[in-house]
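Every chain is numbered from 1, with letters handed out A, B, ... down the list of sequences. As the structure is a computational prediction, the values presented were derived from the model and not from experiment.
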There are 2 protein chains.
Amino acid sequence: MARGADTREKLLDTAIDLIWRSSYDGVGVNEICKRAGTTKGGFYHHFETKADLFYAASEHYWEGKQRELNDIFSPTYTPLEQMENLINMIVEKQDVDQYDDNPVAGCPFFTSGSQCSSDEEKVRLAAVKMSDNAVMYNVGLVHALKGSGVLNGDANPEVLGRMLQQFIQGVLIYGRVHRDLDVVKADLREGFCRILDLKQEYRQPVLQAAE
Amino acid sequence: MARGADTREKLLDTAIDLIWRSSYDGVGVNEICKRAGTTKGGFYHHFETKADLFYAASEHYWEGKQRELNDIFSPTYTPLEQMENLINMIVEKQDVDQYDDNPVAGCPFFTSGSQCSSDEEKVRLAAVKMSDNAVMYNVGLVHALKGSGVLNGDANPEVLGRMLQQFIQGVLIYGRVHRDLDVVKADLREGFCRILDLKQEYRQPVLQAAE
DNA sequence: ATATATACATACCGACCGGTTTGCATTCAA
DNA sequence: TTGAATGCAAACCGGTCGGTATGTATATAT
């Protein structure tokens with residue numbers, strides 16, 4: 001049972017990594033097993049189908065991500081710093097990992113969910129969950145920004161949080177197909193400021209933001 | 001030679017349609033041939049590989065789209081009306097076609113290019129071309145809007161045109177995974193106004209816009 | 001020590017993949 | 001009228017897909 005949990009987790013991590021690099025359809029069960037140091041016997045001992053693995057992997061991934069986001073959105077940061085942290089996290093996640101030849105990875109669950117065929121409903125549901133989770137954090141951020149008075153005009157946090165998520169994904173996909181990380185870095189911050197309608201005096205990057 | 005061109009075009013149209021509904025990987029050559037009323041013999045008579053078909057189909061698609069866009073951005077419309085036309089075109093394209101059970105289709109070339117494995121470079125290149133084409137029209141729109149004085153602040157047309165494209169794709173993918181067309185309709189216009197920083201008095205939909 | 005359940009490895013399955021080969025109409029050139 | 005090229009249909013190819021069946025080593029319970 002000890003090694004059982006290890007194998008399972010290794011499969012989850014490996015699946016995330018591989019699917020992130022290409023896509024759900026682009027990665028085979030065999031490849032996942034091989035890289036995880038096991039075989040199909042092990043795979044189908046822990047998961048019923050490939051889609052089940054994907055769903056479980058997305059939840060597994062989110063657990064770690066959630067802790068990361070909690071740090072980033074820690075109340076010890078001002079809302080502006082939190083925004084800065086979020087932007088930095090998205091950008092750094094891309095070029096640190098250096099996925100193969102593509103500098104931009106994007107979010108595996110979100111992009112995979114949008115492309116998979118309709119009969120793999122579980123894959124889409126995983127993407128919906130991941131997306132909704134991300135939006136939640138964005139909404140909280142907008143609330144905080146609004147409360148600290150750095151936004152112009154009227155800001156509906158629910159709408160803006162969702163729009164930030166849409167924009168982030170759009171920028172990442174754009175960067176991915178163009179194989180261009182620089183444009184991601186540049187457009188991400190500019191888009192945030194514009195969508196949120198951040199007051200001009202706060203649009204410069206907050207110096208000395210996060211860890 | 002007469003029927004030859006017909007078969008070829010039927011394959012192009014069918015490929016666009018099917019890939020649009022699912023994805024590049026999700027559609028097989030067999031299925032494309034079957035729905036186009038031909039066989040693999042016919043397919044590989046006209047195209048060398050599946051990726052070649054995709055590339056050719058994207059160009060074929062763009063020819064028709066270009067005419068549509070030229071109408072939409074006709075100088076007989078004010079820049080604001082042109083923007084209205086664009087938003088309407090994007091939205092209408094989605095629910096009119098009613099792709100299977102998914103109300104939101106998105107752009108097949110863009111989404112496919114982002115997901116396919118790295119060895120299918122031609123698919124990615126097709127996506128880049130389509131994306132750049134779209135951005136070109138957006139940049140022109142921003143120039144026109146800027147010239148007519150409906151935008152606040154400083155507007156870099158190149159950057160904003162690109163950001164509009166990123167945002168559009170992000171919204172469409174979001175709508176696709178959530179199977180929600182209404183959120184697409186709502187967020188698209190709001191996002192345009194915010195990204196462009198449209199002056200408040202012009203943010204209401206231009207009545208009686210396009211055809 | 002023995003029975004049972006767990007945690008896999010190995011071998012295998014039918015289906016389908018993109019792509020090829022072959023043959024047969026039809027069209028056109030000479 | 002004949003020969004060659006075009007436009008395809010049908011059958012086929014090796015490879016890979018997700019998934020299964022079976023065997024086995026280990027760990028645990030009794």
Side-chain angles (χ1 to χ4, degrees), chain A residues 1-16 18-19 21-58 108 112-113 115-124 126, chain B residues 1-16 18-19 21-58 108 112-113 115-124 126:
Chain A
M1 185 186 251
R3 282 224 52 78
D6 286 358
T7 300
R8 181 186 154 90
E9 191 164 340
K10 193 76 200 296
L11 281 167
L12 291 174
D13 290 334
T14 306
I16 291 172
L18 289 180
I19 292 174
R21 297 185 198 216
S22 62
S23 67
Y24 178 79
D25 287 331
V27 179
V29 173
N30 271 322
E31 190 180 352
I32 295 175
C33 295
K34 203 165 137 192
R35 293 233 201 182
T38 185
T39 60
K40 282 198 177 180
F43 183 100
Y44 285 99
H45 172 73
H46 290 287
F47 306 98
E48 288 197 0
T49 67
K50 184 187 176 187
D52 283 334
L53 164 73
F54 183 80
Y55 195 90
S58 74
S112 292
Q115 82 204 27
C116 71
S117 37
S118 56
D119 56 336
E120 295 171 299
E121 183 71 358
K122 223 173 182 181
V123 177
R124 188 185 70 85
Chain B
M1 183 184 256
R3 282 223 52 79
D6 285 0
T7 301
R8 181 184 155 88
E9 190 164 341
K10 193 76 200 295
L11 281 167
L12 292 174
D13 291 335
T14 306
I16 291 173
L18 288 181
I19 292 174
R21 296 183 198 220
S22 62
S23 68
Y24 178 79
D25 287 332
V27 178
V29 173
N30 271 322
E31 190 179 351
I32 296 175
C33 295
K34 205 166 136 192
R35 292 234 202 182
T38 182
T39 61
K40 283 199 179 179
F43 183 100
Y44 285 99
H45 173 73
H46 290 286
F47 306 98
E48 287 197 1
T49 67
K50 184 188 176 187
D52 283 334
L53 163 74
F54 183 79
Y55 195 89
S58 74
S112 291
Q115 81 202 27
C116 71
S117 37
S118 56
D119 56 335
E120 295 172 299
E121 184 70 0
K122 221 170 183 183
V123 177
R124 189 184 69 84

- Message: Could you tell me how far apart B/D6 (CG) and D/dT6 (P) are, to the nearest whole angstrom?
- Response: 18 Å
- Query: According to a strict under-4.0 Å criterion, is A/T7 in side-chain N/O contact with OP1 or OP2 of C/dA7?
  - Reply: no
- Message: Please report the distance, rounded to the nearest Å, between CD1 in B/I32 and P in C/dC16.
- Response: 16 Å
- Query: How does each nucleotide of nucleotides 11-24 of chain D score, in 5' to 3' order, for protein heavy atoms under 4.0 Å: base (B), sugar-phosphate only (S), or none (-)?
  - Reply: -------BBB----
- Message: Nearest 0.5 angstrom please: A/T49 OG1 to A/F54 CZ, how far?
- Response: 11.5 Å
- Message: Just N and O in the side chain of B/H45: are any of them under 4.0 Å from OP1 or OP2 of D/dC8?
- Response: no
- At their closest point, which heavy atom of A/R35 faces which heavy atom of A/K10, and how far apart are they? O-NZ, 3.9 Å
- Residues forming a side-chain contact (heavy atoms from CB on, under 4.5 Å) with B/T39, sequence neighbours excluded: none
- Item | Closest heavy-atom pair and its distance - A/L12, A/L53 | CD2-CD1, 3.8 Å
- Message: Counting only side-chain nitrogens and oxygens, does B/H46 get under 4.0 Å of the OP1 or OP2 atom of D/dT6?
- Response: no
- Is there a donor-acceptor pair closer than 3.5 Å between any side-chain N or O of B/K50 and the backbone N or O of B/Y24? yes
- Task: Enter the distance from B/E31:CD to B/I19:CD1 here, rounded to the nearest 0.5 Å.
- Result: 10.0 Å
